[in-house]
Number of protein chains: 2
Amino acid sequence: MSRAETPRRGSRSGRAGIRDVAAAAGVSITTVSDALNGKGRLPDATRRHVREVADRLGYRPSAAARTLRTGKSGLIGLTVTTYGDEPFTFTEFAYFAEMARAATSAALARGYALVILPATSRHDVWSNVALDGTVVIDPSDQDPVVSELVRQGLPVVSDGRPAGALPVTAWVDNDHEAAVLGILDHLADAGARRIGLLTGTSTDTYTHLSTTAYLRWCERVGQDPVYEAYPAHDPCAGAVAADRLLARPDRPDAVYGLFDPNGTDLLAAARRYGLRVPDDLLLVCCSESAVYATTEPPITTLSLKPRRIGTAVVQLLIDAIEGVESDQPVEQVIPTELIVRTSSERRSPRTTVSPPRSPEEG
Amino acid sequence: MSRAETPRRGSRSGRAGIRDVAAAAGVSITTVSDALNGKGRLPDATRRHVREVADRLGYRPSAAARTLRTGKSGLIGLTVTTYGDEPFTFTEFAYFAEMARAATSAALARGYALVILPATSRHDVWSNVALDGTVVIDPSDQDPVVSELVRQGLPVVSDGRPAGALPVTAWVDNDHEAAVLGILDHLADAGARRIGLLTGTSTDTYTHLSTTAYLRWCERVGQDPVYEAYPAHDPCAGAVAADRLLARPDRPDAVYGLFDPNGTDLLAAARRYGLRVPDDLLLVCCSESAVYATTEPPITTLSLKPRRIGTAVVQLLIDAIEGVESDQPVEQVIPTELIVRTSSERRSPRTTVSPPRSPEEG
DNA sequence: TGACCTTGCAGAAACGTACCTGTCAACGGG
DNA sequence: CCCGTTGACAGGTACGTTTCTGCAAGGTCA
């Protein structure tokens, strides 16, 4: 009977809703919504008045209600591969941190926020969050997460060229083959005769492409491949593998390490075997870390440009979400950057004897 | 007129809703909801049947609708300080990555996901995501973000003891004063006569507490403070500051660096000045990075145990969200760990002669 | 003076779920 | 035979928005 009378239970428990604002401003809900969202045909006076009342009441629109109504949540998934229970690994620290940082910035700049999600197919977490789209880092072939997302009609952009026929919306990657070939040529130019590789045992695209490129290069120049593979997610295995590589009878005189910590691991191993860098051993590793600028000697690194990748991935994803007909291609190759430092600099002639340490000679 | 007749437009565009499942299973919406959520009093047969139909239709409950109804989103904010446009900095890389990793794992294990948010007061992003609570990393005094969140009635747990009277629900931190004092004593024990500090110019709690502790220690032992401060968010400034510190007329014979890259920076600076570590200069820095295990020489580091902090913070937050009367205190101090390596090991006899290493003497 | 458009706003229908409040049958006990 | 109880479900409302549709009031033009 007195249904039309109920006074909204006096603004209910806590937060003010749009109804409260409407009542306080003496207008309708529609008017409040339009005023706050800059829509509709309202005179500026009304708009200002509503905004002022909303501010006074401390009104914050309910994200859940808005999402339910509009179908857009403003959330982007950032899916990272997991090893065991842990998302991303030691070996990916700097890369991931840089990439995530750039992605976060780019998303924020366009009004989106990032949700970190594991690549495991734990439904309960995935289905508990309303995503507008997802960034997948280095998806494995036939990734169940990606398939599920695509099935739901969500745009998926991949960091790393998708293996197989994974139906992603777009992807961004480096040209890993070209990068490896470039490094090998660089090392050969610096005088390397036998170049070794420190690689991983996992089957992700990065490891696979890089290793394949190395093997092809070896075949082309007629060098026997010299490499050690180890489980890259194990923080200790790298040092052991580096040691093993330098302990081989066919010890390489130059090494490229695919993972971030390989530089220090190889440097330590070289010291154990009394090898001087770069005189006896040329060194390059793939890393985003700044420490290699100040090691003794500084180590040449390959940067995969995670900032640019993180930014590009997010831009592509948001373009897809918003239906923007981007003029960017949906497959972007970001160039890598070889930062040449002492560890791979043309060594002094093989035959000459050089003093073990001469700080003046810098 | 045929209003009661409308057949739900034939399962609408795309996704199946709970209504579609109910229709397909020949039961009511309530029954579907109860069956899937394990509530109500339903015979197992019905429960199974509903679940099966839901699976067949590929039904995924709408996160937005559930959030709107229940008031819980399953999302936790991870708020990071921003410097300019970028969230977190170079100097915090390893710490943040470890911390975020542990936090992500812990949240996931309890069915929550993490949203990365900037500490800027950009309302539009904050209000667009429905959070159940927030982790704030090292909030500054009078942080507007924290105040706003608390005003909304959301639990806020802080990584880092909140400055001033910031009304957080709980916090987790190291005992930074104790850590610094421990390191200074450790260096003094190793023979240091004048210990320098490499610190930051920012006003965050970590920097402030650590610097204060250093100054107090100096006063206590009667040493003149020798320190250089630099803007820690600038990736290049550290090297310059390290150089400046070692170029001083009152050059210290031991240095503690508050930030992660200080180790390599100080090592490089020491080399430039022909100082041997640890013989001429003892070195310790605060870092989570593994590279310091394999530098030449290996550098003693202080670990703030970001894994434990990340886990603890999330546990406290979720306990608060779920109203669990946790037996954990709401103010937790996580012990730091000093990983002693060569760079701070008792140098060759200055006055007393003691064996460089005596593992028996424990 | 209508016919017609514009302005300024209100009503009400979704969005998809969770849960409170029935309803109806079966059943057991007095 | 009646009444209370319990099991198994259905109806309907509310969550807080956005937005489509509608409707007066006022102005313009033929």
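In what follows, chains carry the letters A, B, and so on, assigned in the order in which the sequence lines appear, proteins first and then strands, with residues in each chain numbered from 1.
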Derivation of the salt bridge (Lys or Arg N to Asp or Glu O under 4.0 Å) call for Arg110(B) and Asp319(B): CA-CA 10 Å; Arg110(B) 294 186 65 171; Asp319(B) 284 349; 3.0 Å; yes
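- The pair Glu148(A)-Arg60(B) meets the salt-bridge criterion, with a side-chain N (NZ, NE, NH1 or NH2) lying under 4.0 Å from an Asp/Glu carboxylate O.
- Comparing dC9(C), dC15(D), dC15(C) by their closest approach to the side chain of Thr31(A) singles out dC9(C).
- Each of Thr46(B) and Tyr59(A) has a nearest nucleotide on DNA chain D; the 5'-most of these lies closest to Thr46(B).
- Protein atom CG of Leu68(B) is 9 Å distant from nucleotide atom C1' of dC15(C), rounded to whole Å.
- Here the nucleotide nearest the side chain of Thr30(A), chosen from dC20(C), dA12(C), dT17(C), is dA12(C).
- Side chain of Trp126(A) to backbone of Pro118(A): a donor-acceptor contact under 3.5 angstrom is found.
- Thr67(B) places no side-chain N or O within donor-acceptor distance of the main-chain N or O of Ala64(A), the cut-off being under 3.5 Å.
- Distance from the side chain of Arg19(A) is smallest for dT17(D) among the nucleotides dG16(C), dA10(D), dT17(D).
- Across residues 32-45 of chain A, Ser33(A), Asp34(A), Asn37(A), Lys39(A) each have a non-hydrogen atom less than 4.0 Å from an atom of DNA chain D (numbered order).
- Atom-to-atom, CZ of Arg47(A) to C1' of dT7(C) comes out at 13 Å; the value is rounded to the nearest Å.
- Shortest non-hydrogen contact noted between Pro155(B) and Leu317(B) is O-CD1, 3.5 Å.
- Atom pair Arg69(B):CZ and dA14(D):P shows a separation of 10 Å (rounding to whole Å applied).
- Residue Leu57(B) contributes atom CG, which lies 15 Å from atom P of dG16(C) at whole-angstrom precision.
- Counting only distance, with no hydrogens or angles, the side chain of Ser158(B) and the backbone of Arg161(B) share no donor-acceptor pair below 3.5 Å.
- Atoms CD1 (Ile18(B)) and P (dC15(D)) sit 19 Å apart, rounded to a whole Å.
- Formation of a donor-acceptor pair under 3.5 Å by the Thr311(A) side chain with backbone atoms of Ala106(A) is not found in this model.
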Can you list, pair by pair, the side-chain donor-acceptor contacts under 3.5 Å of residues 28-42 of chain A, counting residues two or more places apart and other chains?
unit_1, atom_1, unit_2, atom_2, d
Ser28(A), OG, Thr30(A), N, 3.4
Ser28(A), OG, Thr31(A), N, 3.2
Ser28(A), OG, Thr31(A), OG1, 3.1
Asn37(A), ND2, Ser33(A), O, 3.4

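- Side-chain atoms of Asp132(B) come within 3.5 Å of backbone N or O of Gly74(B) as a donor-acceptor pair.
- Within 4.0 Å (heavy atoms only), Ile29(B) reaches no atom of the nucleic acid at all.
- Checking the phosphate oxygens (OP1, OP2) of dG16(D), no side-chain nitrogen or oxygen of Ser62(A) falls inside 4.0 Å.
- Taking atom CZ of residue Arg60(B) and atom C1' of nucleotide dT17(C), one finds them 16 Å apart after rounding to whole Å.
- For the helix from dT1(C)-dA30(D) to dG30(C)-dC1(D), the terminal axes (five pairs an end, C1' atoms, rotation from four pairs onto the next four) enclose an angle of 60°, given to 10 degrees.
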